[in-house]
Amino acid sequence: MPPLHTYRIFICHAWKYDEDYRKIIEFLNKANNFSYKNFSVPQEKGVETSTDSQLLEKLRNQILPVEIVLVPAGMYFYFVTFVS
């Protein structure tokens with residue numbers, strides 16, 4: 001059975017967690033009867049801005065047309081050194 005709808009998806013990611021992003025893409029590609037268009041920022045393209053407000057505006061425009069935003073959740077442990 002062919003998919004009935006092509007979903008517009010944005011996957012949040014940081015380049016240092018690139019493996020998580022690749023696993024999500026792999027999972028979506030293997031799903032039966034599921035079609036999607038990826039609106040995420042490609043790693044090879046990146047987002048070129050000179051201010052935080054420009055970055056926010058570009059990301060907002062990138063996300064605006066999507067139906068689904070995926071935000072990978074994970075536990076990241078940070079070491080904190082206390083100096084007394």
Side-chain angles (χ1 to χ4, degrees):
M1 169 185 252
L4 300 176
H5 182 73
T6 298
Y7 293 93
R8 298 180 309 270
I9 298 176
F10 182 90
I11 305 166
C12 297
H13 60 92
W15 302 127
K16 64 182 177 177
Y17 302 121
D18 195 38
E19 184 61 28
D20 295 338
Y21 177 78
R22 281 198 292 270
K23 285 180 183 178
I24 292 171
I25 295 296
E26 183 180 316
F27 175 80
L28 293 174
N29 289 340
K30 287 182 179 179
N32 292 327
N33 301 324
F34 183 78
S35 176
Y36 74 98
K37 179 174 167 85
N38 188 349
F39 280 74
S40 304
V41 178
Q43 184 171 9
E44 57 278 357
K45 184 178 176 187
V47 177
E48 296 179 20
T49 62
S50 56
T51 66
D52 288 345
S53 61
Q54 288 176 341
L55 176 62
L56 181 62
E57 184 65 25
K58 282 196 173 201
L59 287 174
R60 183 178 288 131
N61 290 334
Q62 188 94 15
I63 295 170
L64 190 63
V66 306
E67 300 167 282
I68 300 168
V69 175
L70 295 176
V71 182
M75 280 181 55
Y76 302 101
F77 185 79
Y78 297 95
F79 290 98
V80 179
T81 303
F82 294 96
V83 178
S84 48

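One distance of note links CD of Glu57 with CG of Asn61; it measures 4.5 Å at 0.5 Å rounding. To the nearest 0.5 Å, atom CZ of residue Arg8 and atom CG of residue Leu64 are 10.0 Å apart. A distance of 8.5 Å separates SG of Cys12 from CG of Leu59, quoted to the nearest 0.5 Å.
Residue pairs meeting the salt bridge (Lys or Arg N to Asp or Glu O under 4.0 Å) criterion with at least one partner in residues 24-36, sequence neighbours excluded, are Glu26-Lys30.
Geometric assessment of Lys37 against the ring of Phe39 yields a positive cation-pi assignment under the 6.0 Å and 45° thresholds.
When the side chain to side chain contact (heavy atoms under 4.5 Å, CB included) test is applied to Leu28, the partners found at least two apart in sequence or on another chain are Ile9, Ile11, Ile24, Phe34, Tyr36, Leu70. Every residue two or more places apart in sequence or in another chain was checked for a side-chain hydrogen bond (donor to acceptor under 3.5 Å, both in side chains) with Asp52, and none qualifies. Every residue two or more places apart in sequence or in another chain that forms a side chain to side chain contact (heavy atoms under 4.5 Å, CB included) with Thr51 is listed here: Ser53, Gln54.
When all heavy atoms of Tyr21 and Ser40 are compared, the pair lying nearest together is OH-CB, 3.5 Å.
Leu56 and Val69 fall into different hydrophobic clusters, defined by Ile, Leu, Val, Met, Phe, Trp and Tyr side-chain heavy atoms under 4.5 Å apart, directly or through other members.
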